[in-house]
Participant: 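Just passing along the structure, written as C-alpha cells.
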Protein chains: 2
Amino acid sequence: MLTSACRYGVLAMIHLARNVDAGFIPVRQIGNDLDVSNPFLSKIMQQLVAHDLVVSLRGPTGGVKLSKSASSIVLNDIVEAIDGRKMLESCVLGLPGCGSNAPCPLHETWTSVRTDFCQMLENTTVATLAKNTDEQGLRLVPG
Amino acid sequence: MLTSACRYGVLAMIHLARNVDAGFIPVRQIGNDLDVSNPFLSKIMQQLVAHDLVVSLRGPTGGVKLSKSASSIVLNDIVEAIDGRKMLESCVLGLPGCGSNAPCPLHETWTSVRTDFCQMLENTTVATLAKNTDEQGLRLVPG
DNA sequence: AAGAATAAAGACTCTTTAATCCTAATTTAA
DNA sequence: TTAAATTAGGATTAAAGAGTCTTTATTCTT
C-alpha cells in the first residue's frame, strides 16, 4: 500500500511535530530516535523539502523542521510527495486502461475501498497523529 | 496491495469459471487468452493447485480446472493462497509488534479501512465476478 | 511400447525498491 | 579565516519481486 520510504516519511513528520519547539533538528538525530537508517532518511527528507512540507538548514545548528503548522499538513501530502499518485489511480487487478468506461470486474468494489482510504489520508493531520501519540503513549519505533 | 502474481491468479480463476464446461484447459492457453507470460502463470497455477482451489492433469488433454463450484470460492481464498496473510495483518506504518495492545498512531484508522477490504475479499465469489464479466462485458485483459 | 503433449519443479535473469557510501556545498562558530 | 557540523546529491550495493528458461515427470494417443 505504502512504500517503506513513505512510511518513514510519515514517522519523521510525526516526530517533527512532537518536537516543533526544538527548531531545526538534525536528520541524523531523527534517524537515531526512530531507528531508521540515516542516509535513507536523508533522501526521504530531501523529497519532503522539495515538496515544501519541510524546510532545511545546513551547517552547525542546522537540520530540518516543519514548513508550516502540523495541523495544516495531512497524511495525503506526505504520501503524494514520496509515493506519488499512482496508488490512488491504479487498477487493483493491474489492468492498464481500467476506468469507469472500461472497468475490470473489481473496479466498482475497489473504488469504494480506495475512496475510504483516501478520505482517511485527507482527513488525518500530522497534528492529530502527534497529539494521539503523546496522549495515548503510542509507538513510533519497532518493538 | 496485491502482488502481480496474485492479480494474475484472480484473472485466471475468473477465466476458468467462465469456461468451466471446457474441462481441463492448458495453462498455456490461459496465458495466451489473458496476455500473461506462460511460465509465470504456470507457477501461479501450481500454488492454486497446492491450495486445492484448482486441480491439474498432465499429459495430452491435460490442463487445469476449478476444484469446486465457482460460487464456493471467494477472492480471499486466492489472495491467501498466493500472497499469504501478511497483508491482512501488517501495520500500515511497518512497525513490527503493532497491535491493539501497542498500537501505532494509525492503527485504529487503518484497521477500519482494512476490514472493509477484507470483507470485500470474503464476500466476492469467483462466480459473481465471472457473471459480471459476461453480462457487463468487462475486461480481463489490458487495453 | 513409443512418441507427443502437458504440468511440475528448480535454476536463472531482469527490474525495481531499499539501503548505503562518498563527495560537494553550505553555514555557523571560534 | 579556518574548522566543524550539517544538508544535498550522485554513485554504488543489496534485497526482493517479477519474469524466463530448462529439465523432469506424467499422461494420453497411436
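To find a chain, count down the sequence lines: A is the first, B the second, and so on, and within it residues start at 1.
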Participant: Given D:dT7, C:dA18, D:dC28, which nucleotide is nearest the side-chain atoms of A:T3?
Facilitator: C:dA18
Participant: Find which nucleotide of DNA chain D each of B:G59 and A:S56 is nearest to by heavy atoms, and output the residue with the more 5' nucleotide.
Facilitator: A:S56
Participant: Do B:L129 and B:V74 belong to the same hydrophobic cluster, where Ile, Leu, Val, Met, Phe, Trp and Tyr are linked whenever their side-chain heavy atoms lie under 4.5 Å apart, directly or via other members?
Facilitator: no
Participant: Taking atom P of C:dT6 as reference, at what distance in whole Å does atom CG of B:N38 sit?
Facilitator: 11 Å
Participant: How many Å lie between CG on B:L16 and P on C:dA7, as a whole number?
Facilitator: 11 Å
Participant: Same cluster or not: B:I78 versus B:L138, using hydrophobic residues (I, L, V, M, F, W, Y) connected whenever any side-chain heavy atoms lie under 4.5 Å apart?
Facilitator: no
Participant: Considering non-hydrogen atoms only, spot the tightest contact between A:F24 and A:V55 and give its length.
Facilitator: CE2-O, 3.8 Å
Participant: May I have the distance from A:F24 (atom CZ) to D:dA5 (atom C1'), rounded to whole angstrom?
Facilitator: 15 Å
Participant: Treat each ILVMFWY residue as a node, draw an edge where side-chain heavy atoms are under 4.5 Å apart, and state whether A:L53 and A:L57 are in one component.
Facilitator: no
Participant: With the side chain counted from C-beta on, respond yes when B:V54 and B:S67 share a heavy-atom pair under 4.5 Å apart, and no when they do not.
Facilitator: no
Participant: Using a cut-off of 4.0 Å on non-hydrogen atoms, how would the nucleic acid contact of B:P26 be classed: base, sugar-phosphate, or nothing?
Facilitator: sugar-phosphate
Participant: For a 4.5 angstrom cut-off between non-hydrogen side-chain atoms, does A:V10 reach A:M13?
Facilitator: no
Participant: How long is the line joining CZ of A:R7 and C1' of C:dT17, in whole Å?
Facilitator: 11 Å
Participant: Calculate the interatomic distance between A:Q29 atom CD and D:dT7 atom P; express it in whole Å.
Facilitator: 10 Å
Participant: Can you tell me how far C1' of C:dT6 sits from CD1 of B:I30, to the nearest Å?
Facilitator: 12 Å
Participant: Rounded to whole angstroms, how far apart are CD1 on A:I25 and P on D:dT6?
Facilitator: 12 Å
Participant: Consider the side chain of B:L57, meaning its heavy atoms from C-beta on, and name the nucleotide among D:dG19, D:dC28, C:dT28 that approaches it most closely.
Facilitator: D:dC28
Participant: Counting heavy atoms from C-beta on, name the nucleotide in D:dT20, D:dT7, D:dT26 closest to the side chain of B:R58.
Facilitator: D:dT26
Participant: Please list residues of residues 40-53 of chain B whose heavy atoms come under 4.0 Å from any atom in DNA chain D, ordered by number; otherwise none.
Facilitator: B:F40, B:K43
Participant: Looking only at side-chain N and O atoms, does A:Y8 come under 4.0 Å of OP1 or OP2 in C:dA19?
Facilitator: yes
Participant: On a heavy-atom basis, which atom in A:G9 and which in A:I82 lie closest, and how many Å separate them?
Facilitator: CA-CD1, 4.0 Å
Participant: On DNA chain C, does the nearest nucleotide to A:S37 precede the nearest nucleotide to A:T61 from the 5' side, or the other way round? Give the residue.
Facilitator: A:S37
Participant: Whole Å only: how far is the NZ atom of A:K86 from the P atom of C:dT17?
Facilitator: 6 Å
